[in-house]
Undergrad: 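Please see the structure below; I have some questions.
By convention in this document, chain letters (A, B, ...) are assigned in the order of the sequence lines, proteins followed by strands, and residues within each chain are numbered from 1.
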Amino acid sequence: MTTDPYDGVSDAALLSRHGSGDADAFGELVRRHRDHLWAVALRTLGDPEEAADAVQDALVSAFRATRGTGDAGYRGQAAVTTWLHRIVVNACLDRMRRSRARPTVPMPEHGAGLPRGPDEISARETSIMVAEALATLPAEQRAAIVLVDLQGFSVNAAAAVLDVAPGTVKSRCSRGRARLLPLLGGLRNGGNQPSEARVSPRGEEDPR
Amino acid sequence: MTDLTSPGDEPLPAGPDRSAHPTAEQLAESADGLLPAPEEQTVTTHLLSCPDCAQTAADLATVPDLLARYAAPAGPMPASVAARLDAALAAAAAEAPAEAPAATVVPLAGRAGSHGSRRWRLHGAVLQIAAALVVVAAVGALLVGALHLGGSGTSASTAAKGSGADLRASENGPRYTATGHVYTVTGLVADAQRLQDGSLQRAVEGGARAEAAPSAAARGATAPTVPATSDVAGSGTGPASAPIPTQLPRVPSVTAYGLAATPIPRAQIDACVAALSGSAQPPLAVDQGVFAGEPVLVIVLPVTNQPDKVGIWVVGRDCRPDAEQLRRYVVAPRP
């Protein structure tokens with residue numbers, strides 16, 4: 001009978017154990033959260049290789065930073081999740097700023113859960129459309145929209161991840177969605193295309 | 001909120017007709033309550049008389065839904081990436097530990113050069129965590145407060161091995177479970193359908209059996225109905241019908257995430273459903289799971305006056321029907 005030694009152990013306790021020298025604790029923490037962290041990195045950066053590098057850099061740094069810190073007495077599940085997301089998002093933002101290149105458009109992985117059947121081709125196309133639209137956003141707006149609209153974070157939770165005020169998250173999401181609207185218009189049923197004259201932003205300040 | 005007797009203290013900018021309309025950004029910020037009052041007043045007044053802008057404003061509200069619906073599903077971390085990551089962590093583990101004493105560890109200070117970026121913001125997080133351990137607890141408590149989570153009682157979680165309250169579904173009644181399933185934005189509608197037909201609960205059940213983990217919730221599966229979940233205090237697997245074979249990977253139970261595994265009492269769930277549905281209609285399905293890294297209740301309710309639709313709620317365990325706790329509400333076709 002296999003026993004999962006970490007079943008019932010909170011993330012905070014895992015981090016404490018890691019700090020105290022448990023060789024497997026951090027790996028367990030990663031296993032629990034890597035899918036979410038991967039999704040955030042991939043949707044933010046667009047390119048799977050970049051995303052893999054960002055997640056790896058972030059988590060290896062986190063590993064080193066918290067090793068030997070002893071029993072930190074972490075409190076609260078939310079803090080560890082937030083922290084993990086924060087370091088991954090920061091790694092992504094850092095890459096985007098350094099490269100100054102527009103994020104590439106990801107090709108959906110083959111067989112990665114796209115619906116089958118007669119709509120399969122169009123589903124692939126629409127997901128590419130979304131990815132391309134996201135790639136046009138400035139880094140901060142893209143990160144905010146990925147967290148809130150695609151990963152389901154509340155505004156406050158996203159603010160904790162991004163280490164900004166909730167109002168800033170809301171503002172980045174608003175502006176990002178305004179930018180996305182003309183690019184996603186074709187996805188809406190009924191084909192109500194927004195009039196070009198209204199939608200093109202004017203007098204833009206730097207994205208915050 | 002619109003004061004029709006004083007339409008717009010701020011005059012609209014003069015000029016060609018085009019510049020009199022708010023930008024899409026302004027419309028979006030107006031909808032999110034981010035504009036200063038005079039600007040907000042201007043926009044609101046304009047919308048009353050401009051159907052095109054009103055349409056744009058309505059379209060803006062659909063963007064999050066479009067993203068959720070049409071973005072590619074995230075999918076798990078690819079195996080190759082995970083393997084690389086594990087190898088990198090193993091390599092880091094083999095290194096000599098940092099020499100600085102725990103209380104003053106600032107290991108990234110020396111690595112800033114190698115990363116080539118001074119703006120590597122991990123510094124801040126590391127300093128918070130490593131440099132002052134007392135601060136850690138305060139930061140954690142602050143974040144917990146900000147995220148509206150009560151004390152997770154993590155040390156108590158090990159006592160609550162069998163997740164799931166005594167939420168025995170009646171014969172044809174709604175399904176109440178605590179699968180600990182990880183819900184995602186893009187997969188929510190499909191998962192809710194699987195909740196309604198029971199396949200998600202069965203899959204979790206089968207996965208838990210396949211792992212043979214003794215702390216998996218002891219749920220006896222009877223074929224046509226919902227698996228009954230055991231009491232926290234109770235233990236022992238229920239009468240086991242033949243385990244349902246499944247190829248699905250094991251879904252982590254609520255306890256595996258270390259979340260407060262104390263199951264939500266049925267009375268509290270009922271109160272939550274009543275608050276959300278505002279009617280006496282019983283829910284179609286209720287599950288305790290994980291969403292965006294936090295424990296949530298997923299509640300599937302019929303939609304009043306739309307018999308072909310269901311409403312899917314994802315709320316925090318406190319089920320406060322205010323904006324912070326309400327994470328998501330989606331209307332989907334009834335399966």
Undergrad: Checking A:Ala52 against chain B: side chain, backbone, both or neither under 4.5 Å from a heavy atom?
TA: both
Undergrad: Taking side chain as everything from C-beta outward and backbone as N, CA, C, O, which of these in A:Leu180 sits under 4.5 Å from a heavy atom of chain B? Side chain, backbone, both or neither.
TA: side chain
Undergrad: Ring centres of A:Phe26 and A:Phe63 under 6.0 Å apart?
TA: yes
Undergrad: For the pair A:His36 and A:Val40, evaluate side-chain contact (heavy atoms from CB on, under 4.5 Å) and give the outcome as yes or no after the intermediate values.
TA: CA-CA 6 Å; A:His36 276 288; A:Val40 168; 5.7 Å; no
Undergrad: Measure distances from A:Arg43 to the heavy atoms of chain B and classify the residue's part below 4.5 Å as side chain, backbone, both or neither.
TA: side chain
Undergrad: Between A:Glu140 and A:Arg175, is there a side-chain N and carboxylate O pair less than 4.0 Å apart?
TA: no
Undergrad: Could you check B:Leu47 against B:Leu27 for side-chain contact (heavy atoms from CB on, under 4.5 Å), going step by step and ending with a plain yes or no?
TA: CA-CA 9 Å; B:Leu47 287 176; B:Leu27 290 174; 3.8 Å; yes
Undergrad: So which part of A:Leu29 gets closer than 4.5 Å to some heavy atom of chain B, the side chain, the backbone, both or neither?
TA: neither
Undergrad: With A:Val88 as reference, evaluate A:Asp57, A:Leu93, A:Val55, A:Val161 under the side-chain contact (heavy atoms from CB on, under 4.5 Å) test and give the passing residue.
TA: A:Val55
Undergrad: With a 4.5 angstrom heavy-atom cut-off, which part of A:Val30 approaches chain B: side chain, backbone, both or neither?
TA: side chain
Undergrad: Please flag which part of B:Leu60 lies under 4.5 Å from any non-hydrogen atom of chain A: side chain, backbone, both or neither.
TA: both
Undergrad: Which atoms of A:Asp24 are under 4.5 Å from chain B, going by heavy atoms: the side chain, the backbone, both sets, or neither?
TA: neither
Undergrad: Taking the six-membered ring for Trp, are A:Phe153 and A:His85 parallel (under 30°), tilted (30 to 60°) or perpendicular (over 60°)?
TA: perpendicular
Undergrad: If we ignore hydrogens and angles and just use 3.5 Å, is the side chain of A:Ser174 paired with the main-chain N or O of A:Lys170 as donor and acceptor?
TA: yes
Undergrad: Side chain, backbone, both or neither: which part of A:Val148 has an atom under 4.5 Å from a heavy atom of chain B?
TA: backbone
Undergrad: Where on B:Asp65 is there a heavy atom nearer than 4.5 Å to chain A: the side chain, the backbone, both, or neither?
TA: neither
